[in-house]
Amino acid sequence: MESGILNADTVVQWIERAAEVIEENEKTLTELDAAIGDSDHGANMARGFSAVRGKLAEFPRDDIGAILKMVGMTLLSTVGGASGPLYGTLFLEAAKISAGKPEIDRVVILQSLAAGLAGIQKRGKAEPLDKTMVDALGPAIRAFEGAEGVSLAEALAQAAEAARLGAEATIPLVARKGRASYLGERSAGHQDPGATSMWLLLQSLAEAGAE
Ligand code: ADP
Ligand code: MG
């Protein structure tokens, strides 16, 4: 990926890696959701990405938009909970930007991530610091945009690191959206499950981009 572009093969590798990482971390996501939700985030995400993985092998690799659309539709219909429609929206909005493209450069990657975040916020109405997945994706996008003068692989790594820090920074926050908000002040002191799964997805993207 020296070229500074992502091609459809790399996008497929990203999603395959994401499916593995979600599976490896299913228990962690479940435990995080047990503390401030209903203990289903690990199972929700694992179910969704397992369904995606089943479809990927046979899927054509000439159109990144078509791949991302398939991922979004599959997550929308299999993940459930609050996070399913939101992750579905992320991939469907990103898919619109990369429709018909066999490879995407940095500008299109940034536009895709930004469109995904805008879709999540339009649908879920979460603002930064509401203790949601937005708190991992938002900082990641800012880091990616600000990573000038470095390779695409390094920019993706910086985005993933910002997502990790963003997810960690949800620990002291009081949840203002989703199930965790029912706990009020008692939601503080726990890392948000959705911010954590968002970090895992961005970490997988950085790993695929580094190969
Ligand atoms: P549910 O809360 O319905 O059980 P999940 O457990 O799968 O669904 O997902 C919970 C995660 O979804 C939360 O940790 C949070 O990151 C995210 N989430 C919930 N509501 C919103 C929202 N309105 N906007 C953004 N993210 C949200
Ligand atoms: Mg839940």
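Each ligand, and each atom within it, is numbered from 1 in the order the structure gives. Just so you know, these numbers come straight off a predicted model, no measurement behind them. Throughout, numbering of the chain's residues begins at 1 and tracks the sequence.
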Between R176 and L129, the two heavy atoms sitting closest are NH2-O, 3.2 Å
For the residue pair L29 and P193, what are the closest heavy atoms and their distance?
CD2-O, 3.8 Å
Could you tell me, atom by atom, which parts of ligand 1 come under 4.0 Å of a heavy atom of [X]?
X    : result
D40  : 4 (O), 5 (P), 6 (O)
D38  : 4 (O)
R179 : 1 (P), 2 (O), 3 (O), 4 (O)
G81  : 3 (O), 8 (O)
N44  : 5 (P), 7 (O)

Could you measure the distance from the [atom1] atom of [X] to the [atom2] atom of [Y]? Nearest 0.5 Å is fine.
X    : Y    : atom1 : atom2 : result
D33  : T28  : CG    : OG1   : 12.5 Å
R164 : L202 : CZ    : CG    : 13.0 Å
R123 : T89  : CZ    : OG1   : 4.0 Å
L205 : L200 : CG    : CG    : 12.5 Å
I22  : R53  : CD1   : CZ    : 11.0 Å

Got an N/O contact under 3.5 Å between [X] and ligand 1?
X    : answer
K125 : no
G124 : yes
D192 : yes
L86  : no
K177 : no

Taking the N/O/S atoms of [X] one by one, which is nearest to the Mg ion (ligand 2)?
X   : value
D40 : OD1
D33 : OD2
D38 : OD1

Can a side-chain donor-acceptor contact be found between [Y] and [X] if the only test is distance below 3.5 angstrom?
X    : Y    : result
K55  : T74  : yes
Q191 : T196 : yes
S197 : Y87  : yes

Would you mind checking which non-hydrogen protein atom is closest to [atom], with the distance to 0.1 Å?
atom                    : result
atom 24 (N) of ligand 1 : A126 CB, 3.4 Å
atom 10 (C) of ligand 1 : H41 ND1, 4.1 Å
atom 3 (O) of ligand 1  : A82 N, 2.8 Å
atom 12 (O) of ligand 1 : S83 CB, 3.9 Å
atom 20 (N) of ligand 1 : G178 CA, 3.6 Å

Using a 4.0 Å heavy-atom cut-off, say whether D33 meets ligand 1 through its side chain, its backbone, both or neither.
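Within the 4.0 Å criterion, D33 contacts ligand 1 through side-chain atoms alone.
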State whether the number of non-hydrogen atoms from other residues, nucleotides or ligands found under 6.0 Å of M70 atom CE is greater than 12.
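More than 12 heavy atoms, drawn from other residues, nucleotides or ligands, come within 6.0 Å of this atom.
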Are E145 and R142 ion-paired here, with the side-chain N under 4.0 Å from a carboxylate O?
no
Hey, is M133 one of the residues with a heavy atom under 4.0 angstrom from ligand 1?
yes
Hey, is G37 one of the residues with a heavy atom under 4.0 angstrom from ligand 1?
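No, G37 has no heavy atom closer than 4.0 Å to ligand 1.
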Assert yes or no for the condition that the ring centre distance of F91 to W14 is strictly below 6.0 Å.
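Yes, close enough.
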